[in-house]
Amino acid sequence: MKITDVPVVQRFIRFCEDGWNQGWHERNGGNLTYRLTQAETDALRPFFDRVPRPWTDMGVQGTNLAGAYFLATGSGKYFRNVPLDAADCLCVVEIDSTGSRYRVVWGLVNGGRPTSEFPSHFMNHSVRARATQGECRVIYHAHPANITALTFVLPLTDRDFSRALWKSETECPVVFPGGVGVVEWMVPGGAEIALATSKKMEEYDAVVWAHHGLFASGPDFDTTFGLMHTIEKAAQIYVLALGCGQGIRQTIPDDGLRAIAREFGVTIREAFLD
Ligand code: 13P
Ligand code: ZN
């Protein structure tokens with residue numbers, strides 16, 4: 001039995017392949033982390049290094065995730081290569097008992113470290129796990145072109161983005177009735193953007209990074225990939241409509257959004273409706 005035969009690893013690899021096929025992961029763009037269950041950690045433990053690598057400080061702290069284990073993409077690794085060589089591109093990391101350091105216990109066999117966005121992933125996991133009573137397990141960052149394009153033309157507010165996306169595709173208020181958060185442009189890869197993003201993640205399960213990409217969260221791989229896909233598709237429709245050059249002539253009315261929410265039994269963020 002190889003580690004790539006373990007179902008959770010197979011699902012993680014397929015996710016990376018799907019993201020690559022969508023065109024959201026040029027070069028090493030984007031990253032994925034999954035918080036393993038106890039049973040999944042036990043299934044992977046036989047593959048762990050006999051001597052774990054040194055602890056690394058994350059610059060952020062999430063005490064509710066002390067002792068957790070994550071599957072993660074490596075920094076500088078290409079999503080395109082994950083199905084070809086998972087042991088080179090991926091790793092399992094263990095969080096220490098203070099929730100502020102990690103160490104690699106499997107993977108990255110040719111050297112390297114977890115994604116440079118691990119502080120953002122970890123803080124988002126911490127916040128979303130708390131907000132969902134432990135349900136959230138997946139944090140996904142990608143570079144889809146259309147949602148990023150909108151950060152050049154829409155005001156960088158949660159309200160403006162949520163409304164534009166909800167009104168671009170009828171399914172949107174059902175898939176993300178809470179809307180999306182927006183973080184202004186910041187230098188990626190550190191504690192500062194991690195804290196700004198996780199603050200938004202207290203309220204939203206998806207957060208746009210201006211001029212960069214999108215973070216999505218969810219309880220499982222399908223829901224999280226689906227959220228990323230739905231938001232990017234709505235953004236694409238909006239960009240296509242704007243590209244016709246006539247402006248937006250008509251759209252879904254606010255009372256229409258309320259009616260969808262009623263019909264589908266979801267609570268839409270009323271503060272964003274007129
Ligand atoms: P990593 O290769 O370190 O995961 O970085 C890619 C990226 O998208 C940074 O925001
Ligand atoms: Zn990025």
Side-chain angles (χ1 to χ4, degrees), residues 12-13 15-35 53 56-60 70-93 95 101-104 106-125 138-152 156 161 180-201 204-217 221 224-225 227-229 231-232 235:
F12 192 100
I13 293 170
F15 190 115
C16 293
E17 191 171 12
D18 288 345
W20 161 252
N21 285 330
Q22 289 296 329
W24 301 336
H25 298 284
E26 77 292 340
R27 201 173 182 280
N28 65 308
N31 20 77
L32 174 66
T33 55
Y34 172 79
R35 183 167 58 86
R53 282 159 251 187
T56 300
D57 193 80
M58 292 188 283
V60 293
F70 292 91
L71 250 176
T73 50
S75 185
K77 301 298 182 182
Y78 294 22
F79 269 46
R80 178 169 181 250
N81 291 337
V82 171
L84 303 177
D85 194 352
D88 171 68
C89 297
L90 308 182
C91 56
V92 174
V93 301
I95 305 300
R101 298 185 304 167
Y102 71 74
R103 66 179 175 183
V104 175
W106 172 81
L108 294 172
V109 291
N110 299 307
R113 58 189 181 100
T115 171
S116 59
E117 305 296 2
F118 199 76
S120 281
H121 280 253
F122 180 74
M123 286 312 293
N124 291 340
H125 275 292
V138 186
I139 300 288
Y140 178 33
H141 168 57
H143 294 176
N146 292 286
I147 189 72
T148 308
L150 288 182
T151 66
F152 294 86
L156 293 176
F161 268 77
V180 298
V182 181
V183 169
E184 63 181 23
W185 185 85
M186 294 175 79
V187 175
E192 199 187 343
I193 197 166
L195 293 172
T197 311
S198 62
K199 199 164 170 13
K200 293 282 180 179
M201 282 262 174
Y204 304 102
D205 52 16
V207 174
V208 178
W209 274 6
H211 322 318
H212 185 145
L214 180 65
F215 265 87
S217 67
F221 291 114
T224 311
F225 194 89
L227 179 59
M228 178 73 69
H229 206 176
I231 291 172
E232 169 58 5

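Start at 1 and go down the list; that is how both ligands and their atoms are numbered. These figures come from a predicted structure and were not determined experimentally. Start at 1 with the first residue, then count along the sequence.
The side-chain heavy atoms of F221 and Y34, taken from C-beta on, include a pair separated by under 4.5 Å.
Checking N31, T197, T73 one by one against H121, the side chain to side chain donor-acceptor pair (under 3.5 Å) holds for a single residue, N31.
Between the E184 side chain and the A210 main chain, no donor and acceptor come within less than 3.5 Å of each other.
Protein residues are said to neighbour a ligand when one of their heavy atoms lies under 4.0 Å from it; for ligand 1 these are N28, G29, G30, N31, S75, G76, T115, S116, E117, H141, H143, H212.
L227 and S217 make their closest contact through CD2-O, 3.6 Å (heavy atoms, listed as atom of the first residue, atom of the second, distance).
The Zn ion (ligand 2) is closest to atom NE2 of H141 (considering only N, O or S atoms).
Ring pair F118/F122 is parallel by interplanar angle, where below 30° counts as parallel and above 60° as perpendicular. Between F79 and Y140, the ring planes are parallel. Angles under 30° get that label, and only those over 60° would be called perpendicular.
For H143 atom NE2 and H212 atom NE2, the angle they make at the Zn ion (ligand 2) is roughly 100°, to 10 degrees.
The line from CE of M186 to CH2 of W209 is 9.0 Å long, rounded to the nearest 0.5 Å.
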